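Below is one structure, written out as structure tokens; comments come after it.
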Amino acid sequence: MKKLMITAMSILSLLTVAACGQSAPQQSAPAQNAPAASAPATTKTPKSGADQKIASMSIHLTNNLLALGITPVGSVIGGDVKAFLPHVADRLKDTKPLGVVTDPDMEAVLALKPDVIYLDEAYSGKDVAKFEKIAPTHVFNLDEGTWRDTLKKTGALVKREAEAETFIADYEEQTKRVKGLIHDKLGDGAKVMAIRVTAKELRVFGMKRPMGPILFEDLGLQPANGVEKIDKAYAVISQEVLPDFDADAIFVVVNAGDEAKKVYDQLQANPLWQGLTAVKKNQIYIIGAQPWLDYSAIGNKMAMDEAEAFFKK
Amino acid sequence: MNQQEIARKKRVMHVGIWLILICVCVILYSLHTGSIRLSPYEVLRTLVGLGSEDDSLVLFEYRLPRIVITILAGMGLGISGAILQGLYRNSLADPGVLGLHAGAAFGLVVFVSFFRSLEGMISLVLPLFTFAGAVLVAVLIVLLAYDRHKGVLPIRLILVGIALAAGFSAITLFLSLRLDEGTYAFAARWLAGNVWGREWANVLALLPWIVLLVPYTWLQSKVLDALMLGDEVATGIGAPVQRKRFLLMGTAVALASVSVSMAGGVGFIGLAAPHLARRLVGPLHQYMLPIAGMIGVVILVAADTIGRSIFQPNAIPAGVVVAAVGAPYFLYLLAKTK
């Protein structure tokens, strides 16, 4: 009997272990079949300007480069989608994926023999020395100023300052238009918030990037009650407190995957949700995680395009 | 020296030489696997210092540290399992089954939840936390499995271990759900047995434990042999049973927890390696321990290599590979054990 018990328990624990193994997220960097190591040898003196081979170790820096019309030879991929972000994937067909930023494929970077490497300090700051062994390295701090500052800095490095200025000017122009459209639709003093529905939790975006700057600075919208106190990217809330924000309009990001969708369906069926001011006014806007959460020049530009399309109707 | 013993020594030599050859092959193959293809010849050239600058960078900075860590951790896990099976005369004893991994995981999650300020020294401090977590579980197991008249009951030990593993996994899960996304991803990958130690600093954090504890264990082979005979006999032939058991248990806990601290929660090696070793060279620990260590090395290095090469571009954690191969073996053992 005892033996049987042990057997049963062991099998049980075994299954548990096996199941855990399977369900755990497999975030490891994809290793690509790199071009043969016999790629033409380049000297390690950095070329300047737009013709240099850039390896970008941040999806946002990659997208800033794209905004300037430069395609990096290699770039990290999005951690969630395990691929280049969908809204720019078509422009990165010839770019080599270098793994996820938290676990980059150093060998693939080396195989590219880039002239320069761009890093995001928040993720790769501690590994600068490792990258410098491969090529000269520029470290960006994306929290310093807005994406405009990063874009200008990038523009200076690749000698495309004019393109950077034009891009920013176009964006400001468009923002003014969209601001007007939103004002027409939502009226004076409308308060807005942005939420994200994941399988696990409900989040409210705060004042920091990615959502804070575009909504509350660029578009000049008024944060819903309490949003202004969230001095970070987002805060996790419970559904019951949604009415306390008393928002006139809500931007909703629903995560990819059936589970998140199911959670959102349940939320919509909830009387609490149906009682929200924004729902009653029919001012719920479903937005995509990309481009909205891609805090880069292209990301914000494409988000603005989306907003323009919404509010034109 | 009688005939039998000479025959056994010969067999051990044979098995040992074969295993060393297999180890070397697996390690060389592992060194040759990666995004940049280095031929075995280039690997050898680079190892003796004749390779190009880039080849050396790939080999010495990217691949070698990781492989050295899998070698050390595989050895640690194999030997830890061998000690536990000897100590408790139970072939199901394994650091994973006994809940030591769960304890180590608990230590890890406590570390990332409450001691983020020490992150700069993570490679040095993490083994201490996983060790503390595993010690906590080990102490609880011994307390709960202890019977006043019969000492520690091997069968109860396994069941208590499984129960404690479940309990600690629950706490670990609870704590890890409160982590932010980046940290949670790290913890989850760790739990799945992802070899995260990639740098020489990680090797240095692991090396002293293995270098000190493995030879110590080997020197205690005779004691382990005696304990296999049962407590009464062991006491009868003059082994200080309780003290030695305490020390060896500590050694096993330490080996398992520091190994998993760098290599992630890899199970089954502690179970399979000593088993295979016993089948190959018999139950005497002086022969069986080194063989178990080498088998552990082969399994973990092979699993890590398979995990990061075959399933490209999405590498899978070594722990998952080991579990996939280990599970059928485990079932086979259960079916065979009468």
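Quick caveat: nothing in here was measured; it's all calculated off a predicted structure.
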Proximal component of A:Tyr123, with respect to chain B [non-hydrogen, under 4.5 Å]: neither
Tell me whether A:Asp94 at atom CG has more than 12 heavy atoms from other residues, nucleotides or ligands lying less than 6.0 Å away. no
To the nearest 0.5 Å, what is the distance between CD on B:Glu199 and CG on A:Asp127? 6.0 Å
Heavy atoms of A:Ala108 and B:Ser35 approach each other most closely as N-CB, 3.9 Å
What part of A:Lys200 is in contact with chain B, defined as an atom under 4.5 angstrom from a non-hydrogen atom: side chain, backbone, both or neither? side chain
Between A:Met106 and B:Arg198, is any pair of side-chain heavy atoms under 4.5 Å apart? no
Answer yes or no: are there more than 12 heavy-atom neighbours, outside A:Glu201 itself, under 6.0 Å from its atom CD? yes
Given A:Glu107, which of B:Leu57, B:Leu38, B:Ile36 fulfils the side-chain contact (heavy atoms from CB on, under 4.5 Å) condition? B:Ile36
